[in-house]
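Whatever order the structure lists ligands and atoms in, that order sets their numbers, starting from 1.
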Amino acid sequence: MHCPRPLSLTQEYTPPSALSLKATSDSIAIPLDNDALQQEAVKEILEQGLALLSAQHMMRAPFLNKGLSHTNEERTTKNLTGLLPHVTESLKTQASRSMAMIDSRQTDIDKYLYLSSIKSYNVDLFYRLLMDNVRQLMPLVYTPTIGDVCLQYSALYTRPEALHISINHRGSIKEILQNWPHESPEICVVTDGSRILGLGDLGFNGVGIAVGKLALYTAAAGINPQKTLPVILDTGTSNEKNLDDPHYLGLRQQRVSPSEQQSLADEFMQAANETWPNMVIQFEDFENTKAFGYLDRYRDQYTCFNDDIQGTGSVVLGGYIGAVDLSGVPLEEQRLVFMGAGSAGVGVAKQLVEYYVRRGLSEDEARNKFWLVDTKGLVTADRPDKLAEHKKYFARTDNAGQQFKTLEEVIKYVKPSALVGLAATYGIFDERVVRALTASVKEAGQDRRPILFPLSNPLTKAECTFEEAVKWTDGSVIFASGSPFADEQIDFGDGQGTVTYYPNQGNNVYVFPGLGLGTILSKASRVTDDMVYTAAVALADSVNKEEREIGLIYPRIDRVRETSIVIAREVMKSARRGGVSKVESSQWNLWDQQGDSVLDAYIKDRVYDPLCSLC
Ligand SMILES: NC(=O)C1=CN([C@@H]2O[C@H](COP(=O)(O)OP(=O)(O)OC[C@H]3O[C@@H](n4cnc5c(N)ncnc54)[C@H](OP(=O)(O)O)[C@@H]3O)[C@@H](O)[C@H]2O)C=CC1
Ligand SMILES: CC(=O)C(=O)O
Ligand SMILES: [Mg+2]
């Protein structure tokens, strides 16, 4: 009855429920007169048949393929002998070969394409590489390179990586979701491509950002890659370059009306919730009217958040807490100018208002610390143009009829201690602006330091570079940028010799992976403001002594995964406090008694960390 030899099957693979088998091996007899034995024999044939089939398919299945890490035993039992080079290698050894290949590629896009090809055949190897080389590889799978990739996504296209839903699919989204070939997703990043980084409306090509963010959910927080879902909602594009591109993969039409876009989003949200009720949805890079509108519309109904508004708010608060400590300007004396009053600008400013309120200021006192500037100048209530709804909260009423058109004018008027850039405009923090900021800070004390956060992405949209910031502030800047800059070694000729200055990367990648993980593990029904706020505080608390000593306000990017676990833990606790966690209260009582280390262990037990028996 038990056959050591594999079976061959006389037909192509179909799903097991539809599999009809004819065994050609004479070693398994199917007794026709005994139902029980018959069933057992058929089961064995099925198992062995599938094992054989999976051997043939395994090496082409990116989630199953272990490449050279298949052990000799697996190679024998799964009929892989001869199909692979004879050596066995740990994932780490394979990763070191891949790193050498990446280093040998000339351009960042080529490096990206090489990495992406690894992901297409060996997911474990891709994530081992990314997790062990986050400082070097994150700028490829994420900003800045992902910006270039999105600009050329259709031209670079080789294979589908997401769920593609267009306005023409209205009425059938639920059926489309059923086509998703992987396990039930736990986290979804959805975009409509209408504001990709600071690059504007990229239409369908924006799908690259959803793919990139989800790669970081896995690399930075250990969410199983099989449980991630990138979605592009294609409602057309205003991008003429795309519309004229013969290779463009999206709908070749102007965007449909806002109400039609909303009806697509409504159907998607409902269908996604009915299909996968436990999935967390992250809105990414929607143009600001929709970003604010959809967040308001869906946040009390579904488990969702907007990364550009809330994730960015949280990450900037996380850095601001440490920056204030270093600046020498007391929290209550800080005055903040924001260049950019869009999703991110307003999202961040509101998150900081909440911080001030929690520190004892009234809401008006807190709000009065912020001056927002957009393309028309300082946002004031008496400006002649009609203010967008999301700007009204921060419109100044104390300008005594004066209008300030340029940033320099605003700086002279406000005398800020901090300048935040979320205007997607390269070089807008020029030498005069940065020197004016520094002068306004130093006026109140020479040892005071300016906070300068040029946060726009990708690098081609950064408001200033790190080198400029260091030079124009004579080394006194507390700096964070959206995309990464290298350390700077500068000799100011003041007798100190060459000094190394360390930049910070103020990017929502420090928050969304942990926020998502905490939301999933707490089985939260909603993402509350307190969960987002708590993530910021946990991030600030994660900066270690050595990092503080060299003036960092965020953990080094190599520690992003460690940080995400802490954020996830605190987010879980916040979900519980807020009454939105669906984890049994008996389990929570146990965690309360056992403390954070047990909760951390629980989280770590559940995260994906690709290793092989040879590692
Ligand atoms: N570091 C990070 O983690 C994050 C960074 N970002 C980056 O922030 C940038 C903005 O994103 P988001 O807020 O969503 O975009 P929005 O389009 O919503 O907002 C952009 C804002 O910048 C203003 N602006 C544009 N050009 C100028 C200019 N020359 N002078 C003054 N103001 C200007 C716009 O003014 P107006 O309103 O008049 O049009 C608008 O208020 C992007 O580059 C994005 O990549 C976003 C999220 C996270
Ligand atoms: C980082 C990010 O979310 C953005 O630039 O849009
Ligand atoms: Mg974004």
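- Pairing each heavy atom of Thr191 with each of Gly206, the nearest pair is CG2-O, 3.7 Å.
- Listed by number with element, the atoms of ligand 1 under 4.0 angstrom from any heavy atom of Gly340 are 21 (C), 22 (O), 23 (C), 41 (O).
- Residues Pro450 and Ser440 are not in side-chain contact: their nearest non-hydrogen atoms beyond the backbone lie 4.5 Å or more apart.
- A salt bridge does not link Lys350 with Glu354: every distance from a Lys NZ or Arg NE/NH1/NH2 to an Asp or Glu carboxylate oxygen is 4.0 Å or more.
- With sequence neighbours excluded, the residues satisfying side chain to side chain contact (heavy atoms under 4.5 Å, CB included) with Ala323 are Ile451, Phe453, Ile478, Ile553.
- Two residues are said to be in side-chain contact when any heavy atoms from C-beta on lie closer than 4.5 Å; Lys290 and Phe283 fail this criterion.
- Checking only distances, Gly482 never comes within under 3.5 Å of ligand 1, N or O to N or O.
- Annotation: side chain of Phe338 is in contact with side chain of Val348 (closest heavy-atom distance under 4.5 Å).
- The two residues Ala341 and Val346 have their closest heavy-atom pair at O-CG2, 3.7 Å.
- Polar contact with ligand 1: present for Ala341 (N/O pair, distance under 3.5 Å).
- With a 4.0 Å heavy-atom cut-off, ligand 1 is reached by the side chain of Ile428 but not by its N, CA, C or O.
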Could you go step by step and tell me if Tyr501 and Phe466 meet the ring-ring contact (aromatic ring centres under 6.0 Å, His included) rule?
CA-CA 9 Å; Tyr501 296 88; Phe466 183 47; 7.2 Å; no
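- Taking any N or O of Thr375, backbone or side chain, at least one lies under 3.5 Å from an N or O belonging to ligand 1.
- The closest non-hydrogen atom to atom 43 (O) of ligand 1, taken over Val348, Thr460, Asn457, Thr425, comes from Asn457.
- Within ligand 1, the atoms closer than 4.0 Å to a non-hydrogen atom of Gly342 are 13 (O), 16 (P), 18 (O), 19 (O), 21 (C), 40 (C), 41 (O), numbered from 1 in the order shown.
- Taking distance alone, with nitrogen or oxygen atoms compared against 3.5 Å, Asn288 approaches ligand 1 more closely than that limit.
- Under 4.0 angstrom from ligand 1, the non-hydrogen atoms of Asn508 come from both its backbone and its side chain.
- Side-chain atoms of Tyr356 do not come within 3.5 Å of backbone N or O of Lys369 as any donor-acceptor pair.
- Lys461 forms no cation-pi arrangement with Tyr426, by the criterion of a distance under 6.0 Å to the ring centre and an angle within 45° of the ring axis.
- Considering both main-chain and side-chain atoms, Ala344 comes within under 3.5 Å of ligand 1 through a nitrogen or oxygen pair.
- Geometrically, ligand 1 and Ser343 share a nitrogen or oxygen pair separated by less than 3.5 Å.
- For the pair Leu163 and Ile232, the minimum side-chain heavy-atom distance is 4.5 Å or more.
- Residue-ligand proximity, Ala424 to ligand 1, at heavy-atom distances under 4.0 Å covers atoms 42 (C), 43 (O).
- With ring centers used as reference points, Tyr217 lies under 6.0 Å from Phe512.
- Within ligand 1, counting atoms from 1 as listed, the ones closer than 4.0 Å to a heavy atom of Gly506 are 1 (N), 2 (C), 3 (O).
- Counting heavy atoms under 4.0 Å from ligand 1, residue Met339 touches it through the side chain alone.
- Using a non-hydrogen distance threshold of 4.0 Å, Lys461 does not register as a contact of ligand 1.
- With ligand atoms numbered from 1 in the order given, ligand 1 contributes 47 (C) to contacts under 4.0 Å with heavy atoms of Asp308.
- Thr143 and Ser483 are linked by a side-chain donor-acceptor pair at a separation below 3.5 angstrom, with hydrogens and angles left out of the test.
- With a 6.0 Å cutoff to the six-membered ring centre and a 45° limit on the axis angle, Arg299 does not count as a cation-pi contact of Phe305.
- A cation-pi arrangement, defined by a distance under 6.0 Å to the six-membered ring centre and an angle within 45 degrees of its axis, is absent between Arg526 and Tyr302.
- Take Ala536 and apply the side chain to side chain contact (heavy atoms under 4.5 Å, CB included) test, not counting sequence neighbours, and it matches Ser314, Leu317.
- Distances below 4.0 Å separate heavy atoms of Gly198 from the following atoms of ligand 1: 42 (C), 43 (O), 45 (O).
- Considering only non-hydrogen atoms, atom 8 (O) of ligand 1 lies nearest to Leu422 out of Asn507, Leu372, Leu422.
- Ring centers of Phe286 and Tyr294: under 6.0 Å apart, within the cut-off.
- From Gln505, atom CD reaches atom CZ of Phe485 across 10.0 Å, with rounding to the nearest 0.5 Å.
- The 4.0 Å heavy-atom shell around ligand 2 contains residues Tyr142, Arg195, Leu197, Lys213, Glu284, Asp285, Asp307, Asp308, Asn457, Asn507, Asn508, ordered by chain and number.
- Across Asp307 and Glu284, no two heavy atoms sit closer than the pair OD2-OE1, 2.8 Å.
- Looking at heavy atoms from C-beta onward, Phe126 lies out of side-chain contact with Pro225 at the 4.5 angstrom threshold.
- Here the protein contributes Glu284 OE2, Asp285 OD1, Asp308 OD1 as N, O or S atoms under 2.8 Å from the Mg ion (ligand 3).
- Of all the listed residues (Gly345, Ala291, Gly347, Ala423), Ala423 holds the heavy atom that lies closest to atom 24 (N) of ligand 1.
- Residue contacts with ligand 1: Glu287 is excluded, as none of its non-hydrogen atoms falls under 4.0 Å.
- Here is the list of ligand 1 atoms found below 4.0 Å of a heavy atom in Ser456: 7 (C), 8 (O), 9 (C), 43 (O).
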